[in-house]
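Reviewing the structure listed below.
Nothing here was measured: the structure is a model prediction, and the numbers come from that model. Chain naming here is simple, since letters A, B, ... match the order of the sequence lines and numbering starts at 1 in each.
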Protein chains: 2
Amino acid sequence: MPRPSEPTRERIVQAANSLFYSEGIRRVSVDEVAAKAGLTKRTLYYHFKSKDDLVAAYLAARDQPNLALFRKWFAEAEGGVPMKVEAIFKNLARSARHPKWKGCGFLRTSAELANMPGHPAIRIGAAHKKKFEDWLRATFAEQGIADPLKLARQILLLLDGSFAVVLLHRDASYMETAGEAARTLIETALGKPRRKRG
Amino acid sequence: MPRPSEPTRERIVQAANSLFYSEGIRRVSVDEVAAKAGLTKRTLYYHFKSKDDLVAAYLAARDQPNLALFRKWFAEAEGGVPMKVEAIFKNLARSARHPKWKGCGFLRTSAELANMPGHPAIRIGAAHKKKFEDWLRATFAEQGIADPLKLARQILLLLDGSFAVVLLHRDASYMETAGEAARTLIETALGKPRRKRG
DNA sequence: GTATGTATACTCACCAGTGAATATACACAA
DNA sequence: TTGTGTATATTCACTGGTGAGTATACATAC
């Protein structure tokens, strides 16, 4: 029954998302994605011109929801900016404890395609991270922080570091450690009184 | 002419190192590694029982030299512990500006094998990171820092974050940003006077 | 009767791992 | 010194399987 078009494409992207994220790009064949979406490979190739094209669509579909989630966690948290940023890490730690969690799809793809700098998937991943960095920078600028870009980048480094480390060690508590570090850095930049010791 | 044995194995591991690091595990075939080492695949399979075995050997060979380099950079740097740790990041930034740099082999492998938690390569990577963390912890403990493990983990998060971010954006300046963040965190833990602003 | 969408059944290339045979070095005996 | 056995080291040619992408035909809708 033809004429679904957009729903079909959507279904394929969702199948790709589920498989690529949990298994990795190269471990998943186009046939598997097609099967998961309930159609044949030839049909998939009607909707996407190549596997790379499908990979790009998979990442593009993760971009908005991920960022929205971060903003939501930030907005809903109690306290000032340091606590709100720390809340992002706490929520992330909760996600990371689910057995199906496999790190950050953008970073994993970038690691897998490290040798293809111009690949669409890399560009999408880089743009995604830049958007998050930019939102942080704007947030910090509103607080009158002297070098908001630098602080935003430091937080981003902690975030992406926690993705990598937690994936390797399968120990989500590193994410809470990252959150504490983020809070320390933000408080320092804000000129808050020195943190407790011992 | 037989009887070289160890040299041959060494040559294979070096070929594997060069190819796996720059292209990724799944993009490189056993044939390619064998060709680079100047022998046939069958010979390679005489020395290694499987590709996974070869991957493990590739990572094991990176362990010691990497850690030694970090310790060297630390030891040779001027100043106190905050500056010495920052020096690690500065040196890393210099490495990362070489065009052949492709991030951290351990993290890239862990991202590629995210679905095989028991894989030898993952265990070797995790052990490598733990060794570095442990060395940092001991170093901080000597300084009388209250929670040296927490601080060591925060630095590790910045380090691995900078690997991931620099690989994605191809912008090594993030490594220097990570170094500054590390210095801030260490100084805060040491109870140093608040850092300059503006 | 043309656009769109779907399926069957391919091609061609690659790749991990193996079977069977061969070459070299060294130990020890004659 | 020459022969013979044995562990080490290496090769050629292969198998079984998989995977990206396609040729062609069929169906449905407008």
Side-chain angles (χ1 to χ4, degrees), chain A residues 1-59 108-109 112-113 115-116 118-122, chain B residues 1-59 109 112-116 118-122:
Chain A
M1 51 285 283
R3 192 84 297 182
S5 191
E6 283 321 300
T8 300
R9 209 186 137 93
E10 193 56 30
R11 214 153 31 99
I12 296 171
V13 171
Q14 267 164 26
N17 181 42
S18 141
L19 289 169
F20 286 156
Y21 176 70
S22 73
E23 307 281 333
I25 307 293
R26 301 209 28 117
R27 297 188 75 83
V28 173
S29 70
V30 175
D31 286 276
E32 286 173 279
V33 176
K36 180 122 188 174
L39 31 76
T40 60
K41 179 165 57 171
R42 194 60 188 84
T43 303
L44 190 152
Y45 272 99
Y46 177 81
H47 292 277
F48 296 90
K49 115 177 189 306
S50 67
K51 187 178 181 179
D52 279 354
D53 193 23
L54 180 59
V55 171
Y58 142 65
L59 288 181
R108 293 227 340 269
T109 304
E112 223 172 327
L113 306 180
N115 231 28
M116 322 168 82
H119 195 289
I122 305 276
Chain B
M1 52 285 287
R3 189 87 298 177
S5 191
E6 284 319 302
T8 301
R9 209 186 138 96
E10 193 55 30
R11 213 152 32 99
I12 296 171
V13 171
Q14 266 163 27
N17 181 43
S18 142
L19 289 169
F20 286 155
Y21 176 70
S22 73
E23 308 281 334
I25 307 292
R26 302 211 24 118
R27 298 187 75 83
V28 173
S29 71
V30 175
D31 286 276
E32 286 174 278
V33 176
K36 180 125 189 170
L39 29 77
T40 56
K41 178 166 57 173
R42 197 65 185 81
T43 302
L44 190 153
Y45 272 99
Y46 175 81
H47 292 277
F48 297 90
K49 117 177 188 307
S50 65
K51 187 177 183 179
D52 280 352
D53 192 22
L54 180 58
V55 170
Y58 142 65
L59 288 180
T109 304
E112 222 172 326
L113 307 180
N115 231 28
M116 322 169 84
H119 194 290
I122 305 276

request  = Would you check if A/Ile12 and A/Arg9 make a side-chain contact, meaning some heavy-atom pair closer than 4.5 Å?
outcome  = no

task = Any strand is fair game: report the nucleotide pairing with D/dT22 by Watson-Crick or G-U wobble, both distances under 3.5 Å, or none.
result = C/dA9

task = Starting from P on C/dT4, measure out to CZ on A/Arg9 and report it in whole angstrom.
result = 15 Å

Pairs: protein N or O with nucleotides 5-7 of chain D N or O, under 3.5 Å:
none

ask   = Just how far, in rounded Å, is P of C/dA9 from CG of A/Asp31?
value = 14 Å

query = Quick one: side chain to side chain donor-acceptor pair (under 3.5 Å) partners of A/Ser18, sequence neighbours excluded?
reply = A/Lys36

note = Taken to the nearest whole Å, CG/B/Leu54 to P/C/dC15 is 14 Å

Listed once per pair and sorted, the salt bridge (Lys or Arg N to Asp or Glu O under 4.0 Å) pairs that draw on residues 16-30 of chain A, sequence neighbours left out = none

ask   = Rounded to the nearest Å, what distance is computed from the OH atom of residue A/Tyr45 to the C1' atom of nucleotide D/dA23?
value = 15 Å

Per-pair distances, 0.1 Å, donor-acceptor, side chain in residues 39-46 of chain B, under 3.5 Å, sequence neighbours excluded:
unit_1: B/Thr40; atom_1: OG1; unit_2: B/Thr43; atom_2: OG1; d: 3.1
unit_1: B/Lys41; atom_1: NZ; unit_2: B/Asp31; atom_2: OD2; d: 3.2

task = Write down the distance between CG (B/Leu19) and P (C/dC15), rounded to a whole number of angstrom.
result = 12 Å

key: Residue pairs passing the salt bridge (Lys or Arg N to Asp or Glu O under 4.0 Å) test where at least one lies in residues 49-58 of chain B, sequence neighbours excluded   = none

key: Complementary nucleotide for C/dA3 - Watson-Crick or wobble, under 3.5 Å   = none

key: Atom pair distance, as rounded to whole Å: CG in B/Leu44 and P in C/dG17   = 10 Å

query = Where along residues 22-30 of chain A does a heavy atom come under 4.0 Å from DNA chain D, residue by residue in number order?
reply = A/Val28, A/Ser29, A/Val30

task = Considering non-hydrogen atoms only, spot the tightest contact between B/Ala56 and B/Pro120 and give its length.
result = CB-CB, 4.1 Å

query = In whole Å, what is the span from the CZ atom of B/Phe48 to the C1' atom of D/dA9?
reply = 14 Å

message = I'd like to check the side chain to side chain contact (heavy atoms under 4.5 Å, CB included) partners of A/Glu32; sequence neighbours left out, ordered by chain and number.
response = A/Leu19, A/Val28, A/Ser29

request  = Grab the NZ-C1' distance between A/Lys51 and D/dT22 for me, whole Å please.
outcome  = 17 Å

ask   = Taking only side-chain nitrogens and oxygens of A/Tyr46, does any of them come within less than 4.0 Å of OP1 or OP2 of C/dG5?
value = yes

task = Report yes if at least one side-chain N or O of B/His47 is closer than 4.0 Å to OP1 or OP2 of D/dT8; otherwise report no.
result = no

ask   = side chain to side chain contact (heavy atoms under 4.5 Å, CB included) with B/Ala121: which residues, sequence neighbours excluded?
value = B/Val55, B/Leu59, B/Thr109, B/Leu113, B/His119

note = Here the ring-ring contact (aromatic ring centres under 6.0 Å, His included) pairs for residues 14-43 of chain B, sequence neighbours left out, are B/Phe20-B/Tyr58

remark   = Ordered by number, residues from residues 34-43 of chain B within less than 4.0 Å of DNA chain C (heavy atoms) are B/Lys41, B/Arg42

